[in-house]
Asker: 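Take a look at this one; I'll ask things after.
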Amino acid sequence: MTKKRQRVASTAAAATAAATTSTASSRRLSSTAAIIDCELSDKTLTQASQKPSPRPPSSGAGAAVFNDSSLADVRLRLFVDPSPLNSDDPESPSATESEVVLYLHSHVLRRSKYFAALFSDRWQHDRDRGDESNCGDGDESIRINLGVPSSIESGITVLELLYSGDFLNTINSASMALDLLPVALQLLFEDCVRSCVRFLEAVPWTEEEEKRVMSLIPMLGGEESKELLARVSPGENNSCEEMLYGLIVAAIHSHPNMALVKAFVAKLLRDFSSKDSAKRVLERAFEASLKVVKESLEEYSSPDFRGDHNETEAIQRLNLHTAMTNSRHLLWLVERMIELRVADNAVKEWSEQASFTSDLQRAFRDDAWRNIVPGLPAVVLRCTFKLANAVATGSILAARQVRKKLVKDWLPVLIVCKDIVSPMSPGNKMLYLELEETFLRIISTLPMTDAQELLQQCLSFSTRNVEDCRHLVTAFNTWFRRAAHPPPN
């Protein structure tokens, strides 16, 4: 983190006096400064209608009472000096807001390091040497013009806190802390700054309050702003993606109310501002689930029979259950990727699964899965249908080799499933028919030689009633019509 902007008084008197303050305090940068003005007119200094009532003395201030003119040695004209911190705020006070004159005590004001520098021995010495004729009326009170970046009321409250020190009862909302903090920063009132920051660290913010916090953070030191920054700044560049990935994993793996959580995460993905980030997260989850399914089917198709028979059987059942569970996860992920139109890499990955499809065929020819995971073929083929249909409809623009391999590798799985699943449920029958039609549409996009090779493998789509396989008839008629075209000149 870069060095924070220093908060220092900008007037010549304050700048000279600040040389005697501590190094930590000198790093504070004040956007406005008090102006020592011994020539301020009595008329301006005695606006009784704007003068707050004297406050009772506090134990911390001894006999001094806030705004008590009888014992005050400082007359302070407080006004609003518009600051860059609130220049964009339509509700920020303007420079024309009414001003107020306060009667204060230098020994109390010294609790602010800004005033301590202002009243330092060096400044006092320069003032004495300047001859009291500067004040004109013989009044020895120190006269100060103080412009504050927020409201008059905030300036008065911060000055009152120099007397009372009652931060706990005064700072009772995020809005109050944000109103007081710019003034406290300007006056180098460290106790008030710490109290405001601690309060902001501990309470929730509205969106508007968060914007104000962000505008004030550059004015704070590294340690002061650490907790505030931690709330609004990601720890890593890819923290959004990590959050999304964690939500997806929770939704598909471990949350007890899975359906509702999946629906919620699906909405988050739809509304997420970065489509590329959503794509990377979904692809990461897709690859992880696909890897588990492939490994489980590989172990099921090539079991190790060297152990106990019962143990081997238990492992086989576990492999099938694992493949089934993660195939469901794959289906949900595929649906989300297609919904967001980011499934191009998933289609390519699905088309390069020659080994996986061979394991599936071996597994489905074994009757063991029927009593353990009877829905596995349908889930796997539904993933295939979703991806293939996105290709056939143009939602995903896949290269020719990807289209060819998608049909070539997964067509045998469809054929095996049709042969072994008996009796066929209405749901499965519709799924198989839809996948047949989709494969045939993809075949129609391929060169004649590729289409000829694949169409010959589709004869199993035929049925006793030709009317039930019109999609197959249409596909062959299309191929023969094209084959009969005369070659171009």
Side-chain angles (χ1 to χ4, degrees), residues 297 327 330-331 334 338 343 346-366 369 375-485:
L297 264 298
S327 293
L330 274 177
L331 178 58
V334 165
I338 291 173
V347 167
K348 184 177 180 182
E349 184 75 18
W350 204 252
S351 71
E352 297 174 348
Q353 301 301 327
S355 176
F356 177 40
T357 54
S358 296
D359 289 337
L360 282 170
Q361 293 175 64
R362 284 194 296 272
F364 291 156
R365 290 191 178 100
D366 183 358
W369 63 269
L376 180 58
V379 175
V380 173
L381 289 182
R382 195 165 295 281
C383 287
T384 307
F385 168 70
K386 294 284 185 180
L387 293 170
N389 187 61
V391 171
T393 59
S395 295
I396 299 172
L397 301 180
R400 175 175 65 86
Q401 285 300 322
V402 172
R403 301 196 304 273
K404 177 182 177 181
K405 292 186 66 178
L406 183 63
V407 176
K408 183 176 181 180
D409 286 352
W410 286 96
L411 180 57
V413 180
L414 172 60
I415 294 171
V416 168
C417 289
K418 286 188 61 176
D419 290 342
I420 59 144
V421 178
S422 180
M424 189 181 299
S425 68
N428 284 345
K429 183 176 181 180
M430 181 59 65
L431 171 62
Y432 297 158
L433 179 61
E434 290 175 337
L435 188 51
E436 288 176 4
E437 292 175 344
T438 302
F439 278 163
L440 290 172
R441 283 190 291 158
I442 293 175
I443 289 172
S444 73
T445 69
L446 300 176
M448 291 288 291
T449 53
D450 293 337
Q452 178 179 349
E453 174 190 349
L454 294 174
L455 279 175
Q456 292 176 5
Q457 300 177 42
C458 295
L459 290 176
S460 61
F461 296 175
S462 61
T463 60
R464 291 181 181 180
N465 186 351
V466 176
E467 295 299 321
D468 292 339
C469 58
R470 295 186 63 84
H471 57 300
L472 185 61
V473 173
T474 300
F476 275 100
N477 285 342
T478 298
W479 189 90
F480 280 115
R481 184 185 72 248
R482 292 172 177 174
H485 288 165

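Computed from heavy atoms alone, side chains included, the values below leave out hydrogens, waters and symmetry copies.
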Asker: How long is the span from the OG1 atom in T384 to the CD atom in Q353, to the nearest 0.5 Å?
Answerer: 10.0 Å

Asker: Return yes if some donor-acceptor pair links the side-chain N/O of E453 with the main-chain N/O of T449 below 3.5 Å, else return no.
Answerer: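 Here the side-chain-to-backbone pair does not exist.
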
Asker: Residues two or more places apart in sequence or in another chain: which of them pass side chain to side chain contact (heavy atoms under 4.5 Å, CB included) with S395?
Answerer: R341, A390, T393

Asker: Suppose the criterion is side chain to side chain donor-acceptor pair (under 3.5 Å): which pairs have a residue in residues 397-407, not counting sequence neighbours?
Answerer: R400-D450, R403-T445, K404-D450

Asker: For the CH2 atom of W369 and the CG atom of L360, what is their distance to the nearest 0.5 Å?
Answerer: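 With rounding to 0.5 Å, CH2 (W369) is 11.5 Å from CG (L360).
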
Asker: What pairs with R362 under side chain to side chain donor-acceptor pair (under 3.5 Å), at least two apart in sequence or on another chain?
Answerer: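 With neighbours one apart ignored, the set is D359.
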
Asker: Test of understanding: with ring pair (Phe, Tyr, Trp, His ring centres under 6.0 Å), list the residues that count as partners of W410, not counting sequence neighbours.
Answerer: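 Listed in chain order: W350, F356.
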
Asker: How long is the span from the OG atom in S444 to the CZ atom in R441, to the nearest 0.5 Å?
Answerer: 8.5 Å

Asker: If every non-hydrogen atom of L411 is compared with every non-hydrogen atom of C458, which pair is closest and at what distance?
Answerer: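 Heavy atoms only, the tightest pair is CD2-SG, 3.8 Å.
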
Asker: Between CZ of F364 and CG of D419, what distance do you get to the nearest 0.5 Å?
Answerer: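 CG of D419 is found 13.0 Å from CZ of F364.
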
Asker: Under the side chain to side chain donor-acceptor pair (under 3.5 Å) rule, collect the residues that match up with R382, sequence neighbours excluded.
Answerer: none

Asker: Out of curiosity, W479 CH2 to L440 CG, how far, rounded to the nearest 0.5 Å?
Answerer: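 Rounded to the nearest 0.5 Å, the CH2-CG separation comes to 14.5 Å.
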
Asker: Just do the side chain to side chain contact (heavy atoms under 4.5 Å, CB included) check on F461 and L455 with the steps written out, would you?
Answerer: CA-CA 10 Å; F461 296 175; L455 279 175; over 6 Å; no

Asker: I'd like to check the side chain to side chain donor-acceptor pair (under 3.5 Å) partners of E437; sequence neighbours left out, ordered by chain and number.
Answerer: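 In terms of side chain to side chain donor-acceptor pair (under 3.5 Å), with neighbours along the sequence ignored, E437 is linked to no residue.
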
Asker: Kindly give the heavy-atom pair with the smallest separation between H485 and R481, and that separation in Å.
Answerer: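 In this case the closest contact between H485 and R481 is CD2-O, 3.3 Å.
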
Asker: Do F385 and L414 have side-chain heavy atoms sitting under 4.5 Å apart?
Answerer: no

Asker: Within a strict 4.5 Å, meaning less than it, do heavy atoms of the H471 and L433 side chains meet?
Answerer: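 H471 reaches L433 side chain to side chain.
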
Asker: Rounded to the nearest 0.5 Å, what separation is found between the OG1 atom of T438 and the CD1 atom of I442?
Answerer: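 The distance works out to 6.5 Å.
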
Asker: Hey, are the side chains of E436 and L472 touching, using non-hydrogen atoms and a 4.5 Å cut-off?
Answerer: no

Asker: Evaluate the side-chain proximity of L431 to L381: yes if any heavy-atom separation is below 4.5 Å, no if none is.
Answerer: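 They are in side-chain contact.
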
Asker: Quick one: closest heavy-atom pair of V380 and S327, and the distance?
Answerer: CG2-OG, 3.9 Å

Asker: Checking R482 now: which residues fulfil side chain to side chain donor-acceptor pair (under 3.5 Å) with it, not counting sequence neighbours?
Answerer: none

Asker: Listed by chain and number, what are the side chain to side chain contact (heavy atoms under 4.5 Å, CB included) partners of A484, not counting sequence neighbours?
Answerer: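 Scan of A484 (side chain to side chain contact (heavy atoms under 4.5 Å, CB included), adjacent residues dropped) gives none.
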
Asker: Kindly give the heavy-atom pair with the smallest separation between I396 and A343, and that separation in Å.
Answerer: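 What the structure gives for the nearest pair is CD1-CB, 3.4 Å.
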
Asker: Any idea which heavy atoms bring R365 and V416 closest together, and the distance?
Answerer: NH2-CG2, 3.4 Å

